[in-house]
Amino acid sequence: QVQLVESGGGLVQPGSSLRLACEASGRTFRNCAVGWFRQASGNEREFVAAISWGGDSTYYATSVKGRFTISWDNAKSTVTVQMTGLKPEDTAVYYCAAVPEAAIPYGSSWYFSPSTYFYWGQGTQVTVSS
């Protein structure tokens, strides 16, 4: 079992930056792909970004491409998403999720689906408002 803990959320003004971090406890991230999703009030959970275990593949939602960057730390113990140029529509609870890569069906589209992921964090609130 992998327990995930997100951190780094907060209240910022439009145009600001934030860095969200996801750490694993219990079992490590080893051989897991990691994704970030978000859920705004009254909306369904939506894909934000994902990264493969090797770090050689990254995926982004169209709405965040060019503004958000997902990456591993050197120890492969933390996944961060650097968010720049934040907009009010980025306001949501952001969730980290993980899945053993061996469990992902063939095809990159599976990284975009919440149903692919086995483990989830509790979420961290990001609010973008002036």
Side-chain angles (χ1 to χ4, degrees):
Q1 189 75 6
V2 179
Q3 287 83 44
L4 305 179
V5 179
E6 303 97 337
S7 62
L11 170 63
V12 296
Q13 294 187 338
S16 299
S17 299
L18 273 178
R19 176 183 291 239
L20 303 183
C22 177
E23 296 181 87
S25 63
R27 184 186 156 191
T28 66
F29 276 129
R30 187 164 184 80
N31 295 324
C32 285
V34 177
W36 282 90
F37 293 78
R38 66 188 182 186
Q39 187 166 17
S41 180
N43 291 356
E44 294 186 354
R45 193 166 296 189
E46 65 174 8
F47 171 77
V48 175
I51 188 167
S52 63
W53 166 247
D56 52 327
S57 297
T58 56
Y59 308 92
Y60 296 94
T62 301
S63 59
V64 308
K65 194 172 293 184
R67 299 189 297 124
F68 291 12
T69 303
I70 190 170
S71 62
W72 287 102
D73 71 340
N74 289 337
K76 291 278 185 77
S77 62
T78 304
V79 172
T80 62
V81 58
Q82 178 69 44
M83 307 187 295
T84 63
L86 283 163
K87 305 174 181 180
E89 50 264 43
D90 293 317
T91 295
V93 177
Y94 283 71
Y95 297 91
C96 170
V99 57
E101 278 200 325
I104 302 175
Y106 181 77
S108 61
S109 63
W110 289 100
Y111 286 85
F112 295 73
S113 172
S115 64
T116 298
Y117 295 82
F118 290 4
Y119 311 110
W120 289 85
Q122 294 300 306
T124 184
Q125 177 70 47
V126 172
T127 303
V128 185
S129 175
S130 55

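- Atom OG in Ser52 sits 9.5 Å away from atom CD1 in Ile70 (nearest 0.5 Å).
- Residues passing the salt bridge (Lys or Arg N to Asp or Glu O under 4.0 Å) test with Glu46 are Arg38, sequence neighbours excluded.
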Report task. Run the numbers on Glu6 and Leu20 for side-chain contact (heavy atoms from CB on, under 4.5 Å), then give the verdict. Result -> CA-CA 7 Å; Glu6 303 97 337; Leu20 303 183; over 6 Å; no
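- Checked options Tyr111, Tyr59, Trp120; the residue passing with Phe37 is Trp120 (criterion: ring-ring contact (aromatic ring centres under 6.0 Å, His included)).
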**Report entry** Residue pair Cys96, Val34: steps toward the side-chain contact (heavy atoms from CB on, under 4.5 Å) verdict
**Finding:** CA-CA 7 Å; Cys96 170; Val34 177; 3.9 Å; yes
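- Within the 3.5 Å criterion, the main-chain N or O of Asn31 finds no donor-acceptor partner in the side chain of Lys76.
- Applying the ring pair (Phe, Tyr, Trp, His ring centres under 6.0 Å) test to residues at least two apart or on different chains, the pairs with a partner in residues 11-31 are Phe29-Trp72.
- Listed by first then second residue, pairs satisfying side chain to side chain donor-acceptor pair (under 3.5 Å) with a partner in residues 12-25 read Arg19-Gln82, not counting sequence neighbours.
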Scan the side chains in residues 122-130 for donor-acceptor partners under 3.5 Å anywhere in the protein, sequence neighbours excluded, and list what turns up.
residue: Thr124; atom: OG1; partner: Gly9; partner atom: N; Å: 3.2
residue: Gln125; atom: NE2; partner: Ala92; partner atom: O; Å: 3.4
residue: Gln125; atom: NE2; partner: Thr127; partner atom: OG1; Å: 3.3

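- Residue pairs meeting the ring pair (Phe, Tyr, Trp, His ring centres under 6.0 Å) criterion with at least one partner in residues 80-100, sequence neighbours excluded, are absent.
- Between the side chain of Thr91 and the backbone N or O of Pro88, at least one donor-acceptor pair lies under 3.5 Å.
- Residues passing the side chain to side chain donor-acceptor pair (under 3.5 Å) test with Thr80, sequence neighbours excluded: Ser71.
- Closest of all the heavy-atom pairs between Met83 and Leu86 is CB-CD2, 3.9 Å.
- Distance alone, capped at 3.5 Å, places no donor-acceptor pair between the Tyr117 side chain and the Ala33 backbone.
- The CZ atom of Phe47 lies 12.5 Å from the CH2 atom of Trp36; values are rounded to the nearest 0.5 Å.
- A pairwise comparison of heavy atoms in Gly85 and Asp90 identifies O-OD2, 4.3 Å as the closest pair.
- Across every non-hydrogen atom of Trp110 and Ile104, the tightest pair is CB-CG2, 3.7 Å.
- By the 6.0 Å contact criterion, CD on Glu44 is open, its count of non-hydrogen atoms from other residues, nucleotides or ligands being 12 or less.
- We find the CZ-OG1 distance between Phe68 and Thr58 to be 14.0 Å, quoted to the nearest 0.5 Å.
- A continuous path of Ile, Leu, Val, Met, Phe, Trp and Tyr side chains, each step under 4.5 Å between heavy atoms, connects Val48 with Phe118, placing both in one hydrophobic cluster.
- Interatomic distance, Asp73 CG to Cys22 SG, rounded to the nearest 0.5 Å: 11.0 Å.
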Requested in this report: Report the C-alpha distance between Arg30 and Trp53 in whole Å, list the side-chain angles of each, state the deciding distance to 0.1 Å, and finish with yes or no for side-chain contact (heavy atoms from CB on, under 4.5 Å).
Outcome: CA-CA 7 Å; Arg30 187 164 184 80; Trp53 166 247; 4.1 Å; yes
